[in-house]
Amino acid sequence: MPSVTTVPGRWPLIGHTITLLRSPVEFLSSLSAKGDVVRVFLGPLPVHLVTTPELATKLLTSDKFDKGIVFDKMRPLFGNGLATSNGAFNQRQRRMMLPAFSRTRVSTYAETVITTLATELRDSWHHGQRLEFDEVMQDFVMTVAGRTLFSAELGPEVLAEIKRSIPIMLEHVLVRAFSPGFVEKLPIRANREFDEAAARLRRIIPEVVVGARQDGTDHGDLLSALLAARDADTGEAMTDEQIHDEVVTILTTGAETTAVALAWFFHEVGTRPEVRRRFHAEVDAVLGDRPATFEDVVKLEYTGRIINEVLRRTPPIILMRRAREDVEIGGVLVEKGSEIAVSQHTLHRDPRWFPNPDGFDPDRWEPDRAAELPKGAFIPFGGGSRFCPGHFLAHTEIAIAAATIATRWDLVPVAGQRVYAQVKATMQPNQLPMTAMSRKPQA
Ligand code: HEM
């Protein structure tokens, strides 16, 4: 079998990590031109990367791969939650949890939480107010996540704790994942903060779970759905420990990704006059002055296309896997225990599927054009057996929040500030200062 090409530019010990951190989009989107399977080094760790939609689909749908090293490193945080578990246990958990993300359930979350909080946010600003918009979206999404999980009856101190602890953990999680094991044991501030945040969540979440289990009523929140879930074969419910792990997993995987997508949404709209004009025209036609509801989301077609284009250009960074046995993929032998990955940035910026890949063109998501894309070319939510269970909730939340805000506000980028994507747990903007300008005449 042919050996795989190592991408040029590798440094001793640090591999390609510096290049990846310095220019993530340029580096990852350059890989498809180098081969269908290439090898990069994340620190000292060799990782095969597949670069075509066909091989991405093969990787994500095969049962010959587990989640791999990054997720091993995240286990102290996520425990055995959906993102970190593997094999039959993961599939059992998925079957039990998917009803919590069903259309009916999402429509309840939209009705009881998302529209209300989006309206409160919209009504909280004044004309000309400067906002650090990435932080505003982070705070909004964490509040939505907390309330979606735990309904409004929960004490504000639980929500406050979640909003305090989860961002701390997200700040450090990827650095931990790509560092040698001893680094997380060093007595440095980052480790202390991470461990303290994890410990606080381990204390507070079980208290909520035990309380909700005793109460026994369905509050229409995600936690009620998790408590009610039963294994189809054995009839067993999840243990409190497992529910803790799933709750932390949902908060960590769901909140950051959605907040970042919303931040980029407003950045793209704010910097592209034609997109902004059409977005506002649609919001005015569908909503007028009223907030968006679950039923409006399908009518907000252009908004949906902007969301897709945002998720094409600034999706999460990479999907990592590890071979459970020797596997041939794209004519290359991947030995048992080796790490293999696909980056959404490689596929989403490939000019074969996305002409003018660096441009921002919501119209490429018109149904006829989108239908021509090969399977596996657009994977912001992953694919196969680990496909994101929160994808519909995320789309609903982004559409409702964006449209509701736009009924009143034009978010204008503060002049002279450079905004670019940086690698954190996802692909975050480095900053996003914006000014809220009223779209309606002032009283
Ligand atoms: C724009 C927002 C979102 C994006 C881009 C996103 C993206 C992804 C991706 C790419 C994966 C697959 C990871 C892999 O295969 O290694 C994933 C998995 C997951 N996502 Fe999302 N996600 C989003 C929102 C959400 C939300 C709102 C929730 C929950 C409330 C959520 C919960 C999860 C969970 C639990 C997994 C793990 C599934 C498994 O490994 O079996 N995500 N997400």
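We count ligands from 1, going down the list as the structure has it; atoms in each ligand are counted the same way. Only a predicted model underlies this, so the values are computations on that prediction, with no experimental measurement involved.
Atoms of ligand 1 found under 4.0 Å from any heavy atom of Phe101 (numbered from 1 in listed order, with element): 29 (C), 30 (C). Listed by number with element, the atoms of ligand 1 under 4.0 Å from a non-hydrogen atom of Leu393 are 30 (C). Remark: ligand 1 atoms within the under-4.0 Å shell around heavy atoms of Thr258 are 2 (C), 24 (C), 27 (C). Of all atoms in ligand 1, listed by their number and element, those nearer than 4.0 Å to a heavy atom of Pro316 are 5 (C). For ligand 1, the atoms closer than 4.0 angstrom to any heavy atom of Asn90 are 41 (O).
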Legend entry - Evaluation steps, side chain to side chain donor-acceptor pair (under 3.5 Å), between Thr84 and Lys67: CA-CA 7 Å; Thr84 27; Lys67 277 280 186 107; over 6 Å; no
Inset, instruction - Show your working on side chain to side chain donor-acceptor pair (under 3.5 Å) between Thr407 and Arg122 and close with a plain yes or no. - result: CA-CA 9 Å; Thr407 56; Arg122 176 191 75 169; 2.8 Å; yes
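Using a 4.0 Å heavy-atom cutoff, Gln93 is absent from the residues neighbouring ligand 1. The closest approach between Pro389 and ligand 1 falls below 4.0 Å for a heavy atom of the residue. Residue contacts with ligand 1: Arg321 is included, with a non-hydrogen atom under 4.0 Å away.
The nearest non-hydrogen atom to atom 40 (O) of ligand 1, considering only Arg94, Lys67, His391, comes from Lys67.
Residue Ala421 comes nearest to Met427 through the heavy atom pair CB-CG, 3.7 Å, listed as atom of the first residue, atom of the second, then distance.
Here Glu339 pairs with Arg322 in a salt bridge; the nearest charged N to carboxylate O distance falls below 4.0 Å. Of the charged side-chain nitrogens involved, none lies within less than 4.0 Å of a carboxylate oxygen, so that Asp195 and Arg200 do not count as a salt-bridged pair. Looking at Arg147 and Asp221, no side-chain N of the basic residue comes within less than 4.0 Å of a carboxylate O on the acidic one, giving no salt bridge. Using a 4.0 Å cut-off between charged nitrogen and carboxylate oxygen, Arg369 and Glu366 do not count as a salt-bridge pair.
Scanning all protein heavy atoms for the shortest distance to atom 24 (C) of ligand 1 gives Thr257 OG1, 3.5 Å. Nearest protein neighbour of atom 7 (C) of ligand 1, counting heavy atoms only, is Pro380 O, 3.5 Å. Protein heavy atom at the shortest distance from atom 13 (C) of ligand 1 is Leu319 CD2, 3.7 Å. Atom 6 (C) of ligand 1 has its closest protein heavy atom at Phe381 CD2, 3.6 Å. Nearest non-hydrogen protein atom to atom 32 (C) of ligand 1 is Thr253 OG1, 3.3 Å. Atom 8 (C) of ligand 1 has Cys388 CB, 3.7 Å as its closest protein atom, hydrogens excluded (heavy atom only). For atom 26 (C) of ligand 1, the nearest protein heavy atom (residue, atom name, distance) is Gly254 CA, 3.3 Å. Closest protein heavy atom to atom 30 (C) of ligand 1: Ile250 CG2, 3.5 Å.
The distance criterion of under 3.5 Å between nitrogen or oxygen atoms is met by Leu82 with respect to ligand 1. In terms of polar-atom proximity, defined here as any N/O pair under 3.5 Å, Arg386 does make such a contact with ligand 1.
Ring to ring, Phe265 and Phe279 are close: their centroids are under 6.0 angstrom apart.
Counting heavy atoms under 4.0 Å from ligand 1, residue Thr426 does not touch it at all.
Thr293 and Glu111 share no donor-acceptor pair across their side chains, judged by distance under 3.5 Å alone. Between the side chains of Gln431 and Glu132, no donor N or O sits under 3.5 Å from an acceptor N or O.
Cation-pi geometry between Arg313 and Phe360 is not met at under 6.0 angstrom from the ring centre and within 45 degrees of the axis.
Thr108 contributes a side-chain N or O that, together with a main-chain N or O of Thr104, makes up a donor-acceptor pair within less than 3.5 Å.
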